[in-house]
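What follows is one structure encoded as structure tokens, with my remarks underneath.
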Amino acid sequence: ETNRGRTQVWLASADGSRVRQLTRLGGGGHGARWLPDGSGIVFLSAEGGTSHVWKHELASDSSQRLTELPVDVSLVLPFPDGKRLLLGME
């Protein structure tokens, strides 16, 4: 029961060691995708009540909201050039 609740995004070595929590939002975090340059991830969170795209930078260990849309975002995929995001919206 203590593990029930919001899903968060974690990073671990391929062997399962060195586990590190990346997201700490009340709205949870899911659907994470690596940025093409490897500097961080984009992910979805319902922080604030609506699902939006967030970015987490590994170097600063900080997350920031990227989208401000009137609908829920259900999918985020970074383009290979790192300059655009493909979004699915409900």
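Please read these numbers as outputs of a predicted model, since none were measured by experiment.
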Next on the checklist: Would the distance check show the side chain of Ser45 and the main-chain N or O of Gly28 forming a donor-acceptor pair, the cut-off being under 3.5 Å?
Outcome noted: yes

Checklist entry - Between the side chains of Glu57 and Ser62, is a donor N or O closer than 3.5 angstrom to an acceptor N or O? => result no

Next on the checklist: I'd like to know if the side chain of Gln8 and the backbone of Leu25 have a donor-acceptor N/O pair within less than 3.5 Å.
Outcome noted: yes

Next on the checklist: Please report the interatomic distance CZ(Phe43) to CZ(Arg33), rounded to the nearest 0.5 Å.
Outcome noted: 13.0 Å

Item to check | same_hphob_cluster(Trp54, Trp34) at 4.5 Å side-chain heavy-atom cutoff | outcome: yes

Checklist entry - Is it the case that Thr67 and His52 place a side-chain donor and acceptor less than 3.5 Å from each other? => result yes

Checklist entry - Any idea which heavy atoms bring Pro36 and Pro78 closest together, and the distance? => result CD-CB, 4.1 Å

Checklist entry - Do you know which two heavy atoms are closest between Ser63 and His56, and how far apart they sit? => result OG-ND1, 2.7 Å

Checklist entry - Taking ILVMFWY side chains as joined if any heavy atoms are under 4.5 angstrom apart, and letting links pass through other members, which residues group with Leu87? => result Leu35, Val42, Leu44, Val53, Leu66, Leu69, Val71, Val73, Val76, Leu85, Met89

Checklist entry - What's the shortest heavy-atom distance between Leu22 and Asp61, and which atoms? => result O-OD1, 4.4 Å

Checklist entry - With sequence neighbours left out, which residue pairs that include part of residues 72-88 fulfil the side-chain hydrogen bond (donor to acceptor under 3.5 Å, both in side chains) condition? => result Asp81-Arg84

Item to check | Nearest heavy-atom neighbours spanning Ala32 and Ile41 | outcome: CB-CD1, 4.1 Å

Next on the checklist: Restricting to non-hydrogen atoms, name the atom on Val19 and the atom on Trp10 that form the minimum distance, rounded to 0.1 Å.
Outcome noted: CG1-CE3, 3.4 Å

